[in-house]
Amino acid sequence: GQENLSEELLTGRGGKILTIITKKTRYVDGQGNRFLVGTIRDITERKQAEEEAVAYRNFLDSVPGFGFAKDINLNYVFANRTFCDLLKIPYDQIKGKTDYDIFPTDLAKKYIDDDKRVIDIGKPLLVEEVTIDANMNQRITVATRKHPWLDKKGNVIGVYGMGFDISEIKEVESALR
């Protein structure tokens with residue numbers, strides 16, 4: 001028979017709104033009897049998680065800092081728009097890359113050493129880092145706050161952080177000396 005799949009809202013007990021997926025198929029048996037077979041699956045939690053993920057991404061993309069998250073192997077899981085734009089890496093192509101894929105070896109080593117330190121000590125770390133733009137011609141001084149990324153049980157599963165361009169502040173400090 002013909003299958004129909006649809007996402008619908010359903011009011012549950014106590015007036016709670018649920019998001020469900022219904023799958024309905026019409027059948028005709030050998031005697032010509034028609035009937036409908038269906039399943040209903042509650043996807044409310046998944047839908048809420050998807051909406052929260054979109055809101056989180058939109059928030060991080062609105063921040064002028066360089067946001068990122070890396071897994072325990074220090075592969076990028078996420079980077080915000082500011083980070084990707086600076087490096088001219090398409091937003092959807094950052095996942096799985098390492099610092100060695102993106103930066104010159106000396107910078108990549110420094111970033112990875114800092115990340116490993118955060119993972120080892122299990123506490124946030126504020127580091128001053130030098131980075132470069134995508135054309136590799138402009139050095140930028142960045143103050144980056146790196147945090148251990150913890151799972152629900154408190155185990156370190158990676159590192160995440162946010163860096164802000166402090167190049168102008170460093171230039172003023174230098175001029176004042």
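Numbering of residues begins at 1 and proceeds along the displayed sequence.
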Does some side-chain heavy atom of [Y] sit less than 4.5 Å from a side-chain heavy atom of [X]?
| X | Y | value |
| --- | --- | --- |
| Arg26 | Arg34 | no |
| Asp29 | Tyr27 | no |
| Leu86 | Thr131 | yes |
| Leu60 | Phe78 | yes |

Run the side chain to side chain contact (heavy atoms under 4.5 Å, CB included) test on Leu10 and Ile17 for me, step by step, so that the C-alpha distance in whole Å, both residues' side-chain angles and the decisive distance to 0.1 Å come before the verdict. CA-CA 6 Å; Leu10 174 71; Ile17 304 295; over 6 Å; no

By side chain to side chain contact (heavy atoms under 4.5 Å, CB included) - contacts of Thr82 (at least two apart): Phe66, Asn80

Who pairs with Asp106 by side chain to side chain contact (heavy atoms under 4.5 Å, CB included), at least two apart in sequence or on another chain? Pro104, Arg139

Quick one: name the residues clustered hydrophobically with Val127, using the 4.5 Å side-chain heavy-atom rule over I, L, V, M, F, W, Y, and just say none if it's on its own. Ile72, Leu74, Tyr100, Ile112, Val118, Ile119, Leu125, Leu150, Val156, Val159

Suppose the criterion is salt bridge (Lys or Arg N to Asp or Glu O under 4.0 Å): which pairs have a residue in residues 59-74, not counting sequence neighbours? Lys70-Asp99, Lys70-Asp115

Pairs flagged by salt bridge (Lys or Arg N to Asp or Glu O under 4.0 Å) wherever residues 48-58 is involved - sequence neighbours left out: Arg46-Glu50

Residues in salt bridge (charged side-chain N to carboxylate O under 4.0 Å, His left out) with Asp120, at least two apart? none

Just how far is it from atom [atom1] of [X] to atom [atom2] of [Y], taken to the nearest 0.5 Å?
| X | Y | atom1 | atom2 | value |
| --- | --- | --- | --- | --- |
| Asp101 | Leu87 | CG | CG | 12.0 Å |
| Ile20 | Glu8 | CD1 | CD | 5.0 Å |
| Lys97 | Asn75 | NZ | CG | 11.0 Å |
| Lys110 | Thr105 | NZ | OG1 | 15.5 Å |
| Ile166 | Glu129 | CD1 | CD | 10.0 Å |
| Asn4 | Lys24 | CG | NZ | 5.5 Å |

If every non-hydrogen atom of [X] is compared with every non-hydrogen atom of [Y], which pair is closest and at what distance?
| X | Y | result |
| --- | --- | --- |
| Thr44 | Asp42 | OG1-OD1, 2.6 Å |
| Pro124 | Pro148 | N-CD, 3.8 Å |
| Gly12 | Leu18 | CA-CD1, 4.3 Å |

Under a 4.0 Å N-O cut-off, is there an ion pair linking Arg117 with Asp113? no

How would you list, by chain and number, every residue that makes a side-chain hydrogen bond (donor to acceptor under 3.5 Å, both in side chains) with [X], sequence neighbours excluded?
| X | answer |
| --- | --- |
| Lys170 | Glu128, Glu173 |
| Asn73 | none |
| Thr141 | none |

Is it the case that one hydrophobic cluster holds both Val77 and Ile89, taking links as side-chain heavy atoms less than 4.5 Å apart, direct or via other members? no

Leu107-Phe68 co-clustered via ILVMFWY side chain contacts under 4.5 Å: yes

Return the set of residues passing ring-ring contact (aromatic ring centres under 6.0 Å, His included) with Phe83 (not counting sequence neighbours), or none when no residue passes. Tyr76

Holding to ring-ring contact (aromatic ring centres under 6.0 Å, His included), I want the full list of residues that pass it with Tyr111, two or more places apart in sequence or in another chain. Phe103

Before giving the answer on side chain to side chain contact (heavy atoms under 4.5 Å, CB included), spell out for Val142 and Val130 the whole-Å C-alpha distance, their side-chain angles and the decisive distance to 0.1 Å. CA-CA 6 Å; Val142 179; Val130 173; over 6 Å; no

For residues 140-177, the ring pair (Phe, Tyr, Trp, His ring centres under 6.0 Å) pairs (sequence neighbours left out) are His147-Tyr160

